[in-house]
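Reviewing the structure listed below.
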Amino acid sequence: MKKVRYRHIRSLADLRAERQRISDEIEDLEDRLQDDYHSISEMFSISYVAGRIAQQTSVLYNIVEYAQSGYEFVRRIYDKVRRKPAEEETAAGDNSGGEDCACSADGGSKTAKAAKAKAKSRKKAACEK
């Protein structure tokens, strides 16, 4: 709200204009307060609260989705790194010419276990020949 400019009031017309300006400002402020009051009452309605919860849930869902895809990416890389030494052991076992027919199943990923099982069957077949 602007201050009253008393120095500019020289006549009765200036006084009426200043009064009208102040009255208009007060009406504008009352309208803004009324709008604010209605928006506050809407904030406590069920539909507003439900909408905000849905909006925040969708944001949280996106974060969880990104975290899950990141986890899957890291897990795939980890499985590849883990599978690589198992495949090298299998290749080294096949090149040994059947000297060592014992195979140790010390665990690992499912793919690594399958590769070890194949290597074990190949070694047994080489030992039987």
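One-based numbering along the sequence shown.
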* Asked: Listed by chain and number, what are the side-chain contact (heavy atoms from CB on, under 4.5 Å) partners of I46, not counting sequence neighbours?
  ->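 Once residues adjacent in sequence are excluded, I46 has no partner under the side-chain contact (heavy atoms from CB on, under 4.5 Å) criterion.
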* By side-chain contact (heavy atoms from CB on, under 4.5 Å), which residues pair with D14, not counting sequence neighbours? ->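 Applying side-chain contact (heavy atoms from CB on, under 4.5 Å) to D14 gives I9, R10, S11.
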* Asked: In Å, rounded to the nearest 0.5 Å, how long is the span from CG of D31 to CG of D36?
  ->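 Here the interatomic distance stands at 11.0 Å.
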* **Spacing of I26 atom CD1 and R21 atom CZ [to the nearest 0.5 Å]** =>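 Result: 10.0 Å between the selected atoms.
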* Do M43 and S39 touch side chain to side chain, with heavy atoms closer than 4.5 Å? ->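 Answer no - side chains too far apart.
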Cluster companions of [X] among Ile, Leu, Val, Met, Phe, Trp, Tyr (side-chain spacing under 4.5 Å):
X   : answer
I40 : F44
I63 : V59
Y71 : none

Tell me, please, which residues at least two apart from [X] pass side-chain hydrogen bond (donor to acceptor under 3.5 Å, both in side chains).
X   : result
R75 : E72
Q68 : none
N62 : none
E42 : none

Check residues 48-57 and write down every donor-acceptor pair under 3.5 Å in which the side-chain atom is one partner and the other belongs to a residue at least two apart or another chain.
| from | atom 1 | to | atom 2 | distance (Å) |
| --- | --- | --- | --- | --- |
| R52 | NH1 | Q55 | OE1 | 3.0 |
| T57 | OG1 | I53 | O | 2.7 |

* side-chain contact (heavy atoms from CB on, under 4.5 Å) evaluation trace for S23 with E27 -> CA-CA 6 Å; S23 177; E27 285 180 18; 3.9 Å; yes
